[in-house]
Amino acid sequence: MTETKAPSSSAVSAAPASVTRIARRHARPGREAEYEALIREMFGKMRASRGFMGAELIPPERQGGDYQVVV
């Protein structure tokens, strides 16, 4: 029987990997300002998290298009 060993601590990276999330969302017609305020409030809460690197809200190119949320 072969024994499997866990990697030594020197083989494991000390720096955590970063993650980028990109989401496309559609605001309800007439409620775009409310949606943007909600997303910016969410960003504010995320800033309190250790390791948070940033976020961006990209508005649609044309009326009624999708917003892009990058975190």
Enquirer: Please examine the side chains of Arg28 and Glu34, heavy atoms only from C-beta on, and report whether any two atoms are closer than 4.5 Å.
Expert: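 Result no, sub-4.5 Å side-chain heavy-atom pair not found.
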Enquirer: For His26 and Gly64, which heavy atoms make the closest approach, and how far apart are they?
Expert: CE1-O, 2.5 Å
Enquirer: For residues Val70 and Val19: do they belong to one hydrophobic cluster (side chain heavy atoms under 4.5 Å, members Ile, Leu, Val, Met, Phe, Trp, Tyr)?
Expert: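 No, Val70 does not connect to Val19 through the hydrophobic network.
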Enquirer: Quick check: is Val69 connected to Phe52 through a chain of hydrophobic side chains (ILVMFWY, heavy atoms under 4.5 Å apart)?
Expert: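 Cluster IDs for Phe52 and Val69 match.
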Enquirer: Let me check something: do Tyr35 and Met46 share a hydrophobic cluster, defined by ILVMFWY side-chain heavy atoms less than 4.5 Å apart, either directly or through other members?
Expert: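 In one cluster: yes.
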Enquirer: Do Tyr67 and Glu36 have side-chain N/O donor and acceptor atoms under 3.5 Å apart?
Expert: yes
Enquirer: Is any side-chain heavy atom of Phe43 less than 4.5 Å from a side-chain heavy atom of Leu57?
Expert: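 Sidechains of Leu57 and Phe43: in contact.
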